[in-house]
There are 2 protein chains.
Amino acid sequence: MAKVNVEDLVRDHILRGVFKPSTPLKMEELKERFDVGYSPIREALSRLAGEGLVLAEANKGFRVRPLNRADLYDIAVARCAVEKEALRRSMIEGDDGWESEIVAAMHTYRKKAAAAFDSAETLAAWELSHDRLHTALIAACGSPRLLDLQQRLQEQHMRYRRLIVIPNVRADAHEDEHERLAAVVLERRLDEAVAMIERHMMITVDALDAAGYWTAGPEPET
Amino acid sequence: MAKVNVEDLVRDHILRGVFKPSTPLKMEELKERFDVGYSPIREALSRLAGEGLVLAEANKGFRVRPLNRADLYDIAVARCAVEKEALRRSMIEGDDGWESEIVAAMHTYRKKAAAAFDSAETLAAWELSHDRLHTALIAACGSPRLLDLQQRLQEQHMRYRRLIVIPNVRADAHEDEHERLAAVVLERRLDEAVAMIERHMMITVDALDAAGYWTAGPEPET
DNA sequence: ATGCAACAGATTATCGAAAATATTTTACCT
DNA sequence: AGGTAAAATATTTTCGATAATCTGTTGCAT
């Protein structure tokens, strides 16, 4: 069998929703499913706990981190801190290569967005191109830590974004916030870009609020 | 024997410099020293790797993360992103309780700073009060993630700060940047405070540069 | 001498049994 | 019935033996 990494495997399962929020991650079950011993599983879960996708309670094992509004809002706040600073630095330092990567990412994003609702696969492809675009924007920031933080926060955000089909993809491309954001970034209008990304971070929070998502069912806090 | 957590134990050893930068963390040795089996050690080291204090290489084990200028600078950049945003939110949301905590932290800091150079213990106490002050400033930001990130970045920063005795404690308290920073924060002069903390983040970078620290010996990059 | 392959020693990574801890069930008393 | 204690079961967590991998060394051919 191909050599696969348990951490990535579990992460994928969580992000794809195979392991649902709050689900206990039983040792026996994971051992069976991935065909590995206890040690690699515990190690992987420990790391994922540090990453924020998994919750660990002493002597009670691990479970998939639950979703709630407060946590989503917090992700947005943290992303705000990271992406604002990273974008600022990126727009100051970014060279021609950086610009062209943005143009390329934007092109892909447009294509994937157009076909987003054709199937589950094209939807996933759209999501991927979306995250890639955001990464491209800050790619020139020069800070490994900011890039890594963005990556992790994007992952955590993804689980929430998938709760609803975000009504953010318009037939008219110019209606899409990303079009305008990318344009402003490439024109190096720094303050405008930072302000835009700050608002942009709140889209999923607002969308779920507008849909009444958190009021519908009884909210599971734990 | 008291029930202790291996992760905290190893973290302390790294931060206190018992385990020096780049030192391989051998399983056998740690097993012996802490009197535990392999599993808890690997788990702890995995988490510490995610935290950034330890480096993990597949099939080559773990070692204490090395120190170099680029990494210190990156810590400063990340702290900049986190503390600027957190301070901003804290200054907007902070109530009377928050203010009084700052006054208290500042008082302690002043006392510890005055006695900082008496002994190794008082120096450590000063460091602790310093980090506590910074935490107090952003305590009202309302974001668990930003608070957690600050904590982790402070830890990572600590190893660098200890490389030199930072000539930042003046007999005249008003010369200390922290005095002015705390004052500006309490007066809610937002833009000034954010600008100050941004500069403040670079103190250790500049101090080590000024001391020629990185040019002295041959820099170990790996 | 130099390069390379096979061997030997050291170290990490994994496994599954055993110990520790939590949870559920049962039995008993008021 | 309601509540508590003890036993039984389920689950996590740790341990040390074993397997896998890396590193350095020897011996041999060029």
Side-chain angles (χ1 to χ4, degrees), chain A residues 1-15 17-67 218 220-222, chain B residues 1-15 17-67 218 220-222:
Chain A
M1 184 188 275
K3 178 69 181 302
V4 282
N5 182 259
V6 181
E7 181 181 349
D8 295 339
L9 227 39
V10 177
R11 184 190 290 110
D12 274 11
H13 280 247
I14 292 175
L15 292 178
V18 182
F19 296 154
K20 302 222 157 48
S22 297
T23 304
L25 296 164
K26 299 239 183 73
M27 282 299 163
E28 208 54 55
E29 191 189 316
L30 298 178
K31 191 161 112 62
E32 172 110 3
R33 185 191 283 254
F34 299 132
D35 191 44
V36 287
Y38 293 108
S39 315
I41 294 178
R42 283 191 63 82
E43 230 174 281
L45 293 178
S46 284
R47 276 193 298 258
L48 288 170
E51 227 168 274
L53 287 176
V54 155
L55 231 53
E57 251 175 320
N59 292 323
K60 286 189 168 182
F62 302 85
R63 67 201 161 110
V64 182
R65 184 156 180 172
L67 302 181
E221 173 57 39
T222 26
Chain B
M1 186 188 273
K3 179 70 179 303
V4 283
N5 182 260
V6 181
E7 181 182 348
D8 296 337
L9 227 37
V10 177
R11 185 190 290 110
D12 275 11
H13 280 247
I14 293 175
L15 292 178
V18 182
F19 295 155
K20 300 220 156 51
S22 297
T23 304
L25 296 163
K26 300 238 183 76
M27 282 299 164
E28 211 48 60
E29 190 188 316
L30 297 178
K31 191 162 112 62
E32 171 112 0
R33 184 191 284 254
F34 299 132
D35 192 44
V36 287
Y38 293 109
S39 314
I41 294 177
R42 281 192 64 83
E43 230 173 280
L45 292 178
S46 285
R47 276 194 297 259
L48 288 170
E51 229 169 270
L53 287 177
V54 157
L55 230 53
E57 252 176 319
N59 292 324
K60 286 190 171 183
F62 303 86
R63 65 199 163 113
V64 180
R65 184 156 181 173
L67 302 180
E221 172 58 39
T222 26

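Reminder, nothing fancy here: chain letters follow the sequence lines and each chain counts from 1.
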* Asked: From B:R47 CZ over to A:L45 CG, what is the distance, rounded to the nearest 0.5 angstrom?
  -> 11.0 Å
* Find the distance A:R63:CZ to D:dT11:P and express it as a whole number of Å. => 16 Å
* Structure fact -> Whole-Å distance, A:K31 NZ to C:dA17 P, equals 8 Å
* To do: Could you check whether B:E29 gets within reach of a base, just the sugar-phosphate, or nothing at all, counting any heavy atom under 4.0 Å?
  => nothing
* Structure fact -> Scanning both residues in full, the closest heavy-atom pair of A:F62 with A:S46 reads CE2-N, 4.0 Å
* Select one nucleotide: of D:dT11, D:dT13, D:dT14, the one nearest the side-chain heavy atoms of B:E43. => D:dT14
* Structure fact -> Separation of C:dA13 atom P from A:E7 atom CD, nearest Å, is 14 Å
* Asked: With respect to the phosphate group of D:dT13, does any side-chain polar atom (N or O) of A:R42 fall under 4.0 Å of OP1 or OP2?
  -> yes
Which atom pairs link the protein and nucleotides 23-25 of chain D when you take only N or O atoms and keep those under 3.5 Å?
residue: D:dT23; atom: OP1; partner: B:K60; partner atom: NZ; Å: 3.2

* Structure fact -> A:E28 atom CD is separated from C:dA17 atom C1', nearest whole Å, by 12 Å
* Structure fact -> From CZ of B:F62 across to P of C:dT11 the rounded distance in Å is 16 Å
* Structure fact -> The nucleotide from C:dA13, C:dG16, D:dC15 with an atom nearest the side chain of A:Y38 is C:dG16
* Structure fact -> Scanning both residues in full, the closest heavy-atom pair of A:V18 with A:R33 reads CG1-NH1, 4.1 Å
* Asked: If you take all heavy atoms of B:S22 and B:P66, which pair is closest and at what distance?
  -> OG-CB, 3.3 Å
* Asked: Roughly how many Å is it from CD1 in B:I41 to C1' in C:dT14, rounded to a whole number?
  -> 15 Å
* **Value rounded to 0.5 Å, distance of CD in B:E43 from CD in B:E7** => 9.0 Å
* Whole-Å gap separating P (D:dC22) and NZ (B:K26) -> 17 Å
* Asked: Of B:M27 and B:S39, whose closest DNA chain C nucleotide lies nearer the 5' terminus?
  -> B:M27
* Asked: Where do A:I14 and A:V64 come nearest, in terms of heavy atoms and distance?
  -> CG2-CG1, 3.9 Å
* Asked: Between A:N59 and D:dT12, does any side-chain N or O lie under 4.0 Å from OP1 or OP2?
  -> no
* **Heavy-atom closest pair, residues A:T23 and A:K20** => OG1-O, 2.6 Å
